[in-house]
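A short worksheet on the structure shown next.
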Protein chains: 2
Amino acid sequence: MNDVEELRYLILALQREGNRRFAAGLRPLDLTPAQGEALSLIATHEPMTLNGLGGLLVCDSGTNPSRIVDRLAASGLVERETDPDDRRQVRLTVTPLGRDRAAQVHAVEDELDGMLAELVGDQPTEPALTLLRSMAAHFPAGRALQRRQQLTAHSP
Amino acid sequence: MNDVEELRYLILALQREGNRRFAAGLRPLDLTPAQGEALSLIATHEPMTLNGLGGLLVCDSGTNPSRIVDRLAASGLVERETDPDDRRQVRLTVTPLGRDRAAQVHAVEDELDGMLAELVGDQPTEPALTLLRSMAAHFPAGRALQRRQQLTAHSP
DNA sequence: ACGATTTAGATGTTGCGGCATGTATGTCAC
DNA sequence: GTGACATACATGCCGCAACATCTAAATCGT
């Protein structure tokens with residue numbers, strides 16, 4: 001097994017485990033990782049469209065998150081209204097309940113990141129980040145991430 | 001966004017994209033990534049049990065890959081027979097067609113790794129591997145990987 | 001103004017991961 | 001030997017990712 005192959009499997013294993021733990025943390029909130037991430041993004045960037053959300057979520061371009069938002073709307077966390085200026089678009093906003101829940105999601109994320117930070121320990125992260133960033137920069141999902149960082153960099 | 005959080009998202013993004021490309025490469029073979037990985041492992045380690053396979057696959061322990069093997073068996077790539085010594089166990093072996101297909105899977109994997117190697121370029125991978133390995137070592141999916149490396153290290 | 005193209009989103013389908021549960025077989029204590 | 005437990009696997013369920021396809025609304029060229 002060469003380096004690249006091992007890297008591939010490590011990434012797979014870590015993603016699965018991270019997702020599993022994130023899911024476990026979110027379960028009391030009755031949210032899945034996908035829902036939690038979407039809710040959190042909507043709360044931060046509202047009002048936004050489904051397309052805008054899809055551009056920030058790490059998922060295939062061309063796939064829009066309408067069904068994830070379906071569930072958030074059904075749970076009363078997100079409101080959908082068609083934009084009167086462009087009736088194709090849907091304006092996503094967060095309800096008070098949704099804002100509250102988004103804060104809880106953030107707490108779960110912090111906890112998860114704390115666990116991960118423990119696994120990292122005192123090892124340097126920069127070399128790994130540099131490598132992964134440069135790999136991810138070559139495709140849409142990676143650029144979604146860059147977009148998110150640019151957006152949050154301007155917030156306090 | 002701190003380092004750990006960015007690392008988490010990068011891993012998610014890279015896993016998704018890698019999976020997407022792997023799926024694209026396997027599509028002509030009529031296999032999904034999960035099926036391809038399972039078939040490849042069975043071909044390498046046959047005869048093996050479902051549990052043994054589950055231990056090498058990067059998936060949650062407690063979940064066994066019986067349904068993935070279902071499809072491989074339905075496609076005539078894998079044979080299942082109950083072990084007469086322990087009738088709970090299923091002996092998995094590969095059919096000639098399956099062996100052939102496994103070789104094709106391997107070719108697709110090589111191609112994928114080639115693409116990834118291009119993304120890596122001349123950057124050093126060791127620091128990233130060290131970090132990710134040490135993180136993955138803390139949970140089952142990561143140890144599945146170690147197990148696989150130990151097994152393949154003995155093969156020519 | 002009108003038809004062609006583009007865009008935003010909805011929806012159907014497939015296979016998968018994870019969790020829970022069920023069932024059969026083997027093992028162990030006594 | 002019999003009952004309690006453990007193990008190996010199967011299966012039902014949910015939500016998701018990816019792909020394809022569809023509808024409606026906007027935009028563009030002429």
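Atom set for the values below is all heavy atoms of this structure, side chains included, hydrogens, waters and symmetry mates excluded. Lettering follows sequence order; numbering is per chain, from 1.
For DNA chain D, the span of nucleotides reached by chain A at under 4.0 Å from its heavy atoms goes, 5' to 3', from D:dG15 to D:dA26.
For B:Thr49 (side chain) and B:Gln89 (main-chain N/O), no donor-acceptor pair under 3.5 Å exists by modelled atom type.
Heavy atoms from other residues, nucleotides or ligands lying under 6.0 Å from NE2 of B:His45 number more than 12. B:Glu5 CD: more than 12 foreign heavy atoms inside a 6.0 Å radius.
A cation-pi geometry, defined here as NZ or CZ lying under 6.0 Å from the six-membered ring centre and within 45° of its normal, does not hold between B:Arg16 and A:Phe139. Judged by a 6.0 Å distance limit and a 45° cone about the ring axis, B:Arg8 is positioned over the six-membered ring of A:Phe22.
The CD1 atom of A:Ile42 sits 9.5 Å away from the CD1 atom of A:Ile68 when rounded to the nearest 0.5 Å.
Residue B:Arg16 contributes atom CZ, which lies 13 Å from atom P of C:dG17 at whole-angstrom precision. Put simply, CG on B:Leu53 is 11 Å from P on C:dG17, counting in whole angstrom units.
Listed by residue number, the members of residues 33-42 of chain A with any heavy atom below 4.0 angstrom from DNA chain C form an empty set. If you check residues 64-89 of chain A against DNA chain D, the residues with a heavy atom closer than 4.0 Å are A:Arg67, A:Ile68, A:Arg71, A:Asp85, A:Asp86, A:Arg87, A:Arg88, listed by number. If you check residues 19-29 of chain B against DNA chain D, the residues with a heavy atom closer than 4.0 Å are B:Arg20, B:Arg27, listed by number.
For the salt bridge (Lys or Arg N to Asp or Glu O under 4.0 Å) condition, the pairs that include at least one residue of residues 28-49 of chain A, sequence neighbours left out, are A:Glu37-A:Arg148, A:Glu46-A:Arg99. Residue pairs that meet the salt bridge (Lys or Arg N to Asp or Glu O under 4.0 Å) test with at least one member in residues 127-136 of chain A, sequence neighbours left out, are A:Glu126-A:Arg133, A:Arg133-B:Glu6. Applying the salt bridge (Lys or Arg N to Asp or Glu O under 4.0 Å) test to every pair with at least one member in residues 61-74 of chain B, sequence neighbours left out, gives these pairs: B:Asp70-B:Arg80. Among residue pairs with one or both ends in residues 48-62 of chain A, those qualifying as salt bridge (Lys or Arg N to Asp or Glu O under 4.0 Å) are A:Asp60-B:Arg20; sequence neighbours excluded.
For B:Thr125, the side-chain hydrogen bond (donor to acceptor under 3.5 Å, both in side chains) partners two or more places apart in sequence, or in a different chain, are A:Asp3. Judged as a side-chain hydrogen bond (donor to acceptor under 3.5 Å, both in side chains), and not counting sequence neighbours, A:Glu118 has no contacts. Residues satisfying the side chain to side chain contact (heavy atoms under 4.5 Å, CB included) criterion with B:Gln146, sequence neighbours excluded, are B:Ala137, B:Arg143.
Paired runs in DNA chain D that reach 3 or more consecutive Watson-Crick or G-U pairs, where each pair keeps both distances under 3.5 Å, cover C:1-30 with D:1-30.
With 3.5 Å as the limit, one finds a donor-acceptor pair spanning the side chains of B:Gln123 and A:Ser134.
When all heavy atoms of B:Val58 and A:Ala13 are compared, the pair lying nearest together is CG1-CA, 3.4 Å.
At least one side-chain nitrogen or oxygen of B:Thr32 sits closer than 4.0 Å to the OP1 or OP2 atom of C:dC16.
Between B:Val90 and A:Cys59, the one whose closest nucleotide on DNA chain D sits nearer the 5' end is B:Val90.
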